[in-house]
Amino acid sequence: AQSVTQLDSQVPVFEEAPVELRCNYSSSVSVYLFWYVQYPNQGLQLLLKYLSGSTLVESINGFEAEFNKSQTSFHLRKPSVHISDTAEYFCAVIKGSQGNLIFGKGTKLSVKP
Amino acid sequence: DAGVIQSPRHEVTEMGQEVTLRCKPISGHNSLFWYRQTMMRGLELLIYFNNNVPIDDSGMPEDRFSAKMPNASFSTLKIQPSEPRDSAVYFCASSLDSLDTQYFGPGTRLTVL
């Protein structure tokens, strides 16, 4: 069965520090990979996605993720975080031709001054 | 575009009552998804529609839950009768097609007493 594993439920970091949020998936077929962000009391927003092509994808606010097929990973990184990045981040996968997103449990990023 | 619209934003009801959650997807989007978010189980897909037709309802917990999409601009999720364990945030999302980016509504926070 398709699954997504986010290894860290909480990640506390100081402002301007680098951060990596880990995501691994299990699948024997092609996948489409997503990172969504959820700010407090809001719905989810797409941060970035990998469908095909370049394995490194970037968002407009400085996050990037790299699709690594051999390690079945799609880790999210940012070289320098801001207080405003405090949120919960969800890794998700669409398997093959199906449309339903399968979400990881989420990682709460807490950026401290 | 106003984005995905959900109503009500908050609902408090008593066990045994019927609850109806509403969703208006983004105009032109052909796929609509209902999710439930709880602390224990994270984000779960309940059901999704493509061109108003239910494609996968395997995530619907039990017969107490039902969802309809009578037209391209409106969907409902009904719980009858409601139980305390149904307390959660329910999200609606829509996308151009089933493999495209999903846009989430702000959610309905349901509390069943």
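Protein chains get the first letters and strands the later ones, always in sequence-line order, with residue 1 at the start of each. The analysis underlying the following values was restricted to heavy atoms, covering all of them including side chains, and did not include hydrogens, waters or symmetry mates.
- Annotation: B/Asn71, atom CG; neighbour count of heavy atoms from other residues, nucleotides and ligands within 6.0 Å is above 12.
- Crowding of A/Glu16 atom CD: a count of heavy atoms from other residues, nucleotides or ligands under 6.0 Å not exceeding 12.
- Residue B/Ile47 is not grouped with residue B/Val89 when hydrophobic side chains (ILVMFWY) are merged at heavy-atom distances under 4.5 angstrom, including chains of intermediate members.
- By the criterion of side-chain heavy atoms lying less than 4.5 angstrom apart, applied directly or through intervening Ile, Leu, Val, Met, Phe, Trp or Tyr residues, A/Leu21 is grouped together with A/Val4 in one hydrophobic cluster.
- Placement of B/Phe49 and B/Ile5 in two distinct hydrophobic clusters is found when ILVMFWY residues are connected by side-chain heavy-atom separations under 4.5 Å, directly or transitively.
- Proximity to chain A is absent for every atom of B/Gln6, based on heavy atoms less than 4.5 angstrom apart.
- Of residues 47-84 of chain A, those residues lying under 4.5 Å from chain B by any heavy-atom pair are A/Lys49.
- Cluster annotation: B/Met15 is connected to B/Ile79 through the hydrophobic network of ILVMFWY side chains, with a link wherever side-chain heavy atoms come within less than 4.5 Å.
- Of the two parts of B/Thr101, the backbone and the side chain both hold a non-hydrogen atom closer than 4.5 Å to a non-hydrogen atom of chain A.
- Looking at A/Leu44, both its backbone and its side chain come within 4.5 Å of chain B, counting heavy atoms on both sides.
- Residue pairs meeting the ring pair (Phe, Tyr, Trp, His ring centres under 6.0 Å) criterion with at least one partner in residues 68-106 of chain B, sequence neighbours excluded, are A/Tyr36-B/Phe104, B/His29-B/Tyr103, B/Tyr35-B/Phe104.
- Two residues are said to be in side-chain contact when any heavy atoms from C-beta on lie closer than 4.5 Å; B/Phe33 and A/Leu101 fail this criterion.
- Atom CG in B/Leu43 sits 6.5 Å away from atom CD in A/Gln38 (nearest 0.5 Å).
- Within residues 105-113 of chain B, the residues having any heavy atom closer than 4.5 Å to a heavy atom of chain A are B/Gly105, B/Pro106, B/Arg109, listed by residue number.
- Hydrophobic clustering, with ILVMFWY side chains joined whenever heavy atoms are under 4.5 angstrom apart, keeps B/Trp34 apart from B/Leu96.
- Here the NZ atom belonging to A/Lys105 is positioned 11.0 Å from the CE atom belonging to B/Met39, to the nearest 0.5 angstrom.
- Within a 6.0 Å sphere centred on CD of A/Glu15, heavy atoms belonging to other residues, nucleotides or ligands number more than 12.
- The disulfide bond (SG atoms under 2.5 Å apart) analysis of residues 21-113 of chain B, with sequence neighbours excluded, yields the pairs B/Cys23-B/Cys92.
- Going from atom CZ of A/Phe103 over to atom CG of B/Leu45 covers 9.0 Å, rounded to the nearest 0.5 Å.
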